[in-house]
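Heads up, the thing below is written out as structure tokens.
Values reported hereafter were calculated over all heavy atoms of this structure, with side chains retained and with hydrogens, waters and symmetry mates removed.
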Amino acid sequence: MIELLGILLVVQGAGGLLNRLLGAGSPSWFVQLHVLPPSLHVAASVVMVLGGAVVLFAVRAKKGSG
């Protein structure tokens with residue numbers, strides 16, 4: 001179940017980051033673009049991608065050692 005959280009964070013973060021960097025006018029379905037002020041969109045997206053990657057690597061490491 002924690003792996004799903006990592007995947008969701010990566011997808012939401014990467015999608016929101018691409019949305020902002022490509023200049024899309026709509027926030028689409030990316031959570032951070034709906035709940036945060038525009039000045040925090042890129043930073044929040046980067047944090048979400050990194051957080052999701054950490055979760056996924058931790059899950060993978062745990063599966064590999066067990």
Side-chain angles (χ1 to χ4, degrees):
M1 185 56 103
I2 191 78
E3 190 172 21
L4 179 59
L5 174 65
I7 293 169
L8 289 173
L9 282 171
V10 169
V11 169
Q12 283 286 307
L17 184 61
L18 286 173
N19 184 294
R20 290 298 104 179
L21 293 178
L22 296 176
S26 169
S28 189
W29 54 274
F30 304 109
V31 174
Q32 69 277 25
L33 304 184
H34 286 280
V35 299
L36 295 174
S39 62
L40 296 176
H41 288 173
V42 172
S45 296
V46 170
V47 168
M48 290 173 75
V49 170
L50 293 175
V54 167
V55 169
L56 290 173
F57 282 119
V59 168
R60 184 173 179 175
K62 186 175 181 180
K63 284 182 180 180
S65 67

Item to complete: Kindly compute the distance separating CG (Leu17) from NE2 (His41), expressed to the nearest 0.5 Å.
Response: 12.0 Å
Worksheet item: Are Leu40 and Leu9 grouped together when hydrophobic residues (ILVMFWY) are joined by side-chain heavy atoms under 4.5 angstrom apart?
Response: no
Worksheet item: Do Val10 and Ile7 belong to the same hydrophobic cluster, where Ile, Leu, Val, Met, Phe, Trp and Tyr are linked whenever their side-chain heavy atoms lie under 4.5 Å apart, directly or via other members?
Response: yes
Discussion item. Test of understanding: clusters of I, L, V, M, F, W, Y form through side-chain heavy atoms closer than 4.5 Å, transitively. Do Leu56 and Leu4 belong to the same one?
Written reply: no
Worksheet item: Less than 4.5 Å apart, any side-chain heavy atom of Val49 and any of Val46?
Response: no
Discussion item. Restricting to non-hydrogen atoms, name the atom on Val11 and the atom on Phe30 that form the minimum distance, rounded to 0.1 Å.
Written reply: O-CE2, 4.2 Å
Worksheet item: In terms of hydrophobic clustering (I, L, V, M, F, W, Y; side-chain heavy atoms under 4.5 Å; direct or indirect links), are Val47 and Leu36 co-clustered?
Response: no
Item to complete: Determine whether Leu33 and Trp29 fall in the same hydrophobic cluster, where Ile, Leu, Val, Met, Phe, Trp and Tyr are linked whenever their side-chain heavy atoms lie under 4.5 Å apart.
Response: yes
Worksheet item: Is the shortest side-chain N to carboxylate O distance from Glu3 to Lys63 below 4.0 Å?
Response: yes
Fill in: Gap between atom CG of Leu8 and atom CG of Leu5 - 0.5 Å precision
6.5 Å
Fill in: side chain to side chain donor-acceptor pair (under 3.5 Å) against Gln32, all qualifying residues, sequence neighbours excluded
Ser45
Worksheet item: How far apart are the closest heavy atoms of His34 and Pro27, and which atoms are they?
Response: CE1-CG, 3.6 Å
